[in-house]
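Proteins get letters first, then strands, A, B, ... in listed order; numbering begins at 1 in each.
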Amino acid sequence: MPELPEVETVRRGLADKLVQARIETVRVSLPKQVKRPQGDARAFSQGLCGRTIQAIDRRGKYLVFTLSGGHWLVAHLGMSGRLLVKSSQALPAAHTHIILTFDRGLALHYQDVRQFGGLALWTEDPYLQAPLAKLGPEPLSDDFTAEGLYQKSRGRKLAVKSFILDQKIIAGVGNIYADEALFRAGLRPRKAAGRLSRKDCQGLHRAICQVLEEGIAAGGSSIRDYVGADGHTGGYQLTHRVYGRKGQACLVCGRPLKSIIVGGRSSVYCPHCQSS
DNA sequence: CCTAACCCCTGCTTGC
DNA sequence: TGCAAGCAGGGGTTAG
């Protein structure tokens, strides 16, 4: 499940190969994965063909391709989306729903088994409108601060786990990195956000930055579907301390890790080490 | 405004 | 072995 570190890894792989590439053809075999104009494969294709990719950036879990002529391509990988750079001759693997081909003999394949993601064509600045405009601060920028986290949490009754999964609070944290960050911060997933102290928020802020930076350094976490733009898996799953380790021994205290549902998401934590 | 519930979707795992 | 139910979950929408 691609979260910020996985999306950033994909971004880097795409940028290496596709900046300055010119889109020559677009083929859509599952129109519902064209999110803008919704389901309109023809308009999507016509808007893209002939344009050059000028930059590839990331905002939260979204990828933003800046194209020539005031157009943008915005991608969200959902649960199982993959963006793979291949040769323009490469045959599509199963669940490949959109293919762009470029000059220089390259192609970009969008694969998505669970079909939760998609690609969107924008003809006006996507950063100024939802969903990008609604995102909270980028966690690895100066915009993300412990004090900001503390202020936003005031009066909120929902669980801290749900709070940090809210993309309006922080952009890019998903279930894996939320569990890992809460473990590092020593916080129970169900603790009410409004009951976090300033010190809690400082520790949480630090933990979130740490796990995201480590995730990027490892090339992301490959749990089920995730691979980078070159098809390689990431390595951060080997370093997970709680996510996916239900029932196993805590790496710090040795007691068994517990799994609970918080805000509809499975959450693994150590009842002993995460006592506040 | 805030929160919870539901939906989308397929493939893997679990249970009988 | 076969089949069905359960589970995974980001983000959008709807209901309360």
Asker: Is the phosphate of B:dG11 approached by A:S80 (side-chain N or O, under 4.0 Å from OP1 or OP2)?
Answerer: no
Asker: Within the structure provided, determine whether A:R12 and A:I216 are in side-chain contact (heavy-atom separation under 4.5 Å).
Answerer: yes
Asker: Under 3.5 Å, is there a donor-acceptor pair linking the side chains of A:Q33 and A:Q115?
Answerer: no
Asker: For the side chain of A:V113, starting at C-beta, report the closest nucleotide among C:dG12, B:dT10, C:dG9.
Answerer: B:dT10
Asker: Distance check needed: B:dC9 C1' versus A:Q115 CD, whole Å only.
Answerer: 6 Å
Asker: I need the CZ-P distance between A:R190 and B:dT3, as an integer number of Å.
Answerer: 16 Å
Asker: Can you check the A:K161 NZ to B:dT3 C1' distance for me, whole Å?
Answerer: 17 Å
Asker: Is the distance from OP1 or OP2 of C:dG11 to the nearest side-chain N or O of A:H76 less than 4.0 Å?
Answerer: yes
Asker: Taking only side-chain nitrogens and oxygens of A:K157, does any of them come within less than 4.0 Å of OP1 or OP2 of B:dC2?
Answerer: no
Asker: Can a side chain N or O of A:K134 be found less than 4.0 Å away from OP1 or OP2 on C:dG11?
Answerer: no
Asker: Please check if any side-chain donor atom of A:S221 sits under 3.5 Å from a side-chain acceptor atom of A:H240, or the reverse.
Answerer: yes
Asker: Is there a side-chain polar atom (N or O) of A:Y226 under 4.0 Å from OP1 or OP2 of C:dG10?
Answerer: no
Asker: In this structure, how many angstroms lie between the P atom of C:dG6 and the CZ atom of A:R265, rounded?
Answerer: 19 Å
Asker: If I take atom CZ from residue A:R27 and atom NE2 from residue A:H97, how far apart are they, to the nearest 0.5 angstrom?
Answerer: 11.0 Å
Asker: Distance check needed: B:dC9 C1' versus A:H95 NE2, whole Å only.
Answerer: 11 Å
Asker: Would you say C:dG10 has OP1 or OP2 under 4.0 Å from some side-chain N or O of A:Q167?
Answerer: no
Asker: When rounded to the nearest 0.5 angstrom, what is the spacing between OG1 in A:T52 and CZ in A:F102?
Answerer: 10.0 Å
Asker: Using the six-membered ring for Trp and the full ring for Phe, Tyr or His, decide whether A:F116 stacks on the six-membered base ring of C:dG10 (centres under 5.5 Å, planes under 30°).
Answerer: yes
Asker: Roughly how many Å is it from CG in A:L63 to C1' in C:dG10, rounded to a whole number?
Answerer: 15 Å
Asker: Tell me: CE of A:M79 to C1' of C:dG12, nearest whole Å?
Answerer: 15 Å
Asker: Look at A:R156 and B:dC1 and indicate whether a side-chain polar atom (N or O) is within less than 4.0 Å of OP1 or OP2.
Answerer: no
Asker: In whole angstrom, what separates A:I261's CD1 from B:dA4's P?
Answerer: 14 Å
Asker: So does A:R114 reach the base of C:dG10 with its side chain, donor to acceptor, closer than 3.5 Å?
Answerer: no
Asker: Would you mind classifying the nucleic acid contact of A:F163 as base, sugar-phosphate or nothing, using non-hydrogen atoms under 4.0 angstrom?
Answerer: nothing
Asker: Give A:P131 one of three labels, base, sugar-phosphate or nothing, depending on what nucleic acid heavy atoms sit under 4.0 Å from its own.
Answerer: sugar-phosphate
Asker: Under the criterion side-chain contact (heavy atoms from CB on, under 4.5 Å), which of A:V74, A:I56, A:I23 is the partner of A:F65?
Answerer: A:I56
Asker: Is A:S266 touching bases, backbone alone, or none of the nucleic acid, heavy atoms closer than 4.0 Å?
Answerer: sugar-phosphate
